[in-house]
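Convention: sequence-line order gives letters A, B, ...; per-chain numbering from 1.
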There are 2 protein chains.
Amino acid sequence: MSAKQRKLPLYEQIKNKMLMKINHGDWTPGENIPSESQLMERFNVSRTTIRQALRDLAHQGIIETRRGAPSRVSISPKGKPRSQGVFHHEMGNEMTVKVLRTGVVTNYEALRRLNLGKSEQVFFLERLRLADRKPIAYQQLFLPFEIGKVVKDYAEIEFDIFPKLGREDIHYSTIKEQVNAAVATQYEADLLGIFPGEPLVDIDRLTLGIEGSPIEYSRTKYRTDSFHYKVEIGG
Amino acid sequence: MSAKQRKLPLYEQIKNKMLMKINHGDWTPGENIPSESQLMERFNVSRTTIRQALRDLAHQGIIETRRGAPSRVSISPKGKPRSQGVFHHEMGNEMTVKVLRTGVVTNYEALRRLNLGKSEQVFFLERLRLADRKPIAYQQLFLPFEIGKVVKDYAEIEFDIFPKLGREDIHYSTIKEQVNAAVATQYEADLLGIFPGEPLVDIDRLTLGIEGSPIEYSRTKYRTDSFHYKVEIGG
DNA sequence: CCGTATTTGTACGTATGTATT
DNA sequence: CAATACATACGTACAAATACG
């Protein structure tokens, strides 16, 4: 048990452990999870506590419970978006990535967003995201140094760094995104194969870890023709 | 206690009674509700049961609870809100609207999105949305004819047409939005007080009614400096 | 400012109901 | 029908944050 989790309520700790099992693939979507009594034994807590954890997960749509039947992990479209289906990115088929630059920098805005001191350093990644070999986005990624060194090599070949973080037991709990519009600079236009002055969707993203501390800050600019940002509210 | 006659669980019954109190104005938004111990006495049930009812209401955003402080009814703009807070627009103080044009038109894209036949007509509104007297968005709004005639006059003075629709017993269930980036045309730039070629956030919105049929299609272009589109996932 | 009372949050235990397997 | 598993509901105790004199 990580030291940071010790101050969290029991049911929150258990929730996090269950989330890890799911993100890890220990419990796969559609699969039954252990019964409440088994979980009571495994975590050595009362049924009340187990049920509070399960209820929260069920309410978030991460698991499904039915009276009389075993509870199971929800079958959500892809690995990620078990965030009650309010959110959707649409992309291409073959998603790849090209790393343009990597290093350790002192970026004021990134440090502020990552809750780090002004004199600290962050791991920096500049990447081009490609869909079917065609560039669709230019991304600047800032990671706390401790996390950066973990994904360093991985980021050069994989489109999404979160699976890697998951394998290293670094999990996220919340993603905050802010969407804006921008026009392409000469530099960005060259990279993305468009003209300067064309519009780009600019997404400012902050990812928080299980304990609520930031684990990633990124800024991505997408071509408007290959990318859609959809939100569905209610329903 | 005779349990044979009740269909709903106790906590559901209590939830319903509390909802009635709120809807009837017995408990008004912002007002503290009775403490758990008082509710235990009043309904003659255990604290567990009261807490289950309260937790559900809190989770729906109908009431707010804080450790140590009395629970209170949420101050939410009545009728609709309660879409579990995954989504947030940030704007100015004094929100107004100026109608530029209004009429009945045959717009192919609007008809398609509203699920209407090609020969039908839709109610059209062209509006400028202002925050603190400053234009922040240019909006094109398409409504099925039946609905359009209801909001016709209202739309000229009110920023948001949904309260009016609510009073006419037209409610929405789902909103689908697609966010994109665009650059301002000369026409838009003049209206918004910016230069042509500056970026705009372009939001394509389709609103569905209770029965699932579209009741509004709109296209809005926001200035990037006075508008933020935020999405929070998970948590 | 401090201590106390109030109020919600967490966690334990037990018993019984009810739907599924 | 029986066993299993989740749902409801009672009770108790203590912790933690807030409100108040």
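- If you take CZ of F43(B) and P of dC10(D), they are 13 Å apart, rounded to a whole angstrom.
- dT18(D) atom P lies 15 Å from atom CG of N32(B), rounded to whole Å.
- A search for salt bridge (charged side-chain N to carboxylate O under 4.0 Å, His left out) contacts involving R47(B) returns E36(B), not counting sequence neighbours.
- In this view, R112(A) and E109(A) satisfy the salt bridge (charged side-chain N to carboxylate O under 4.0 Å, His left out) rule, not counting sequence neighbours.
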Heavy-atom protein contacts under 4.0 Å, nucleotides 4-12 of chain C, coded B base, S sugar-phosphate only, - none: ---BBBBSB

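- Every residue was checked against the side chain to side chain donor-acceptor pair (under 3.5 Å) condition with T48(B), not counting sequence neighbours, and none meets it.
- Among residues two or more places apart in sequence or in another chain, the ring pair (Phe, Tyr, Trp, His ring centres under 6.0 Å) test is passed with F124(A) by F142(A).
- Annotation: side chain to side chain donor-acceptor pair (under 3.5 Å) contacts of D56(B) (sequence neighbours excluded): K15(B).
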